[in-house]
Amino acid sequence: MNSKAQKDSGRKPRVADGPAEAPGWTFLSNHTHVLVCLARNPDQVLREVAQQVGITERAVQRIVAELEAGGVVRRERHGRRNRYALNLDAPLRHPLERHCTVGELLHSVTPPEA
């Protein structure tokens, strides 16, 4: 299927690092996916995050702004680029998960560093 047909079908584009047969839903939200990307590489541009998550750059910008407003992400300017610092002590927002922190969540879903 070409990219125009993918756009017309309303489906998300396949992510290069993701499974070829990804289901129509996932256990984690796009907010979590953005956090995972920024935890892995806090210096990457949001365009790269969007490609990894499989959403638009504009959607990633909105998510980062919400995470900033919630005290989870802090944007630091380095020259012409941004670096994203995560508040690993921030509690998760939903009452069912409020006992866990962002750091605990990321620890459970990111691979250990080599």
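In what follows, every heavy atom counts, from backbone to side chain, and hydrogens, waters and symmetry copies are set aside. All residue numbers in this chain count up from 1 along the given sequence.
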Expected output: side-chain Gln44 to main-chain Cys37 donor-acceptor under 3.5 Å
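Yes, the answer is positive, given that a donor and an acceptor are paired below the 3.5 Å cut-off.
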
Have a look at Leu46 and tell me which of Val64, Val34, Asn82 forms a side chain to side chain contact (heavy atoms under 4.5 Å, CB included) with it.
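Among Val64, Val34, Asn82, the one meeting side chain to side chain contact (heavy atoms under 4.5 Å, CB included) with Leu46 is Val64.
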
Hey, are the side chains of [X] and [Y] touching, using non-hydrogen atoms and a 4.5 Å cut-off?
| X | Y | value |
| --- | --- | --- |
| Ile63 | Val49 | no |
| Val73 | Leu35 | yes |
| His33 | Val36 | no |
| Val60 | Glu57 | no |

What residues form a salt bridge (Lys or Arg N to Asp or Glu O under 4.0 Å) with Arg93, not counting sequence neighbours?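 With sequence neighbours excluded, Arg93 shows a salt bridge (Lys or Arg N to Asp or Glu O under 4.0 Å) to no residue whatsoever.
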
Here the gap from Arg98 atom CZ to Leu96 atom CG, rounded to the nearest 0.5 Å, amounts to 9.5 Å

Practice problem: Please report the shortest heavy-atom distance between Thr110 and Leu106, naming the atom on each side. | Solution: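 Minimum heavy-atom contact is OG1-O, 2.6 Å.
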
**Report entry** Minimum-distance pair of heavy atoms, taken over all atoms of Asn87 and Gly71
**Finding:**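 Asn87 and Gly71 have their closest heavy atoms at ND2-O, 3.1 Å.
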
Identify, with sequence neighbours excluded, every residue that meets side-chain contact (heavy atoms from CB on, under 4.5 Å) alongside [X].
| X | value |
| --- | --- |
| His99 | none |
| Leu92 | Glu97, Cys100, Val102, Leu105 |
| Arg58 | Thr56, Gln61 |
| Asp43 | Asn41, Arg83 |

Under 4.5 Å between side-chain heavy atoms, counting indirect links through other Ile/Leu/Val/Met/Phe/Trp/Tyr residues: same cluster for Tyr84 and Leu88 or not?
yes

- Message: Please determine whether residues Val109 and Val72 belong to a single hydrophobic cluster, defined as Ile, Leu, Val, Met, Phe, Trp and Tyr linked transitively by side-chain heavy-atom distances below 4.5 Å.
- Response: yes

Practice task
Would you list the pairs meeting salt bridge (Lys or Arg N to Asp or Glu O under 4.0 Å) in which at least one residue belongs to residues 63-77, sequence neighbours left out?
Solution key: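 Sorted pair list: Arg62-Glu66, Glu68-Arg75, Arg74-Glu76.
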
The side-chain hydrogen bond (donor to acceptor under 3.5 Å, both in side chains) partners of Ser29 (sequence neighbours excluded) come to Thr32

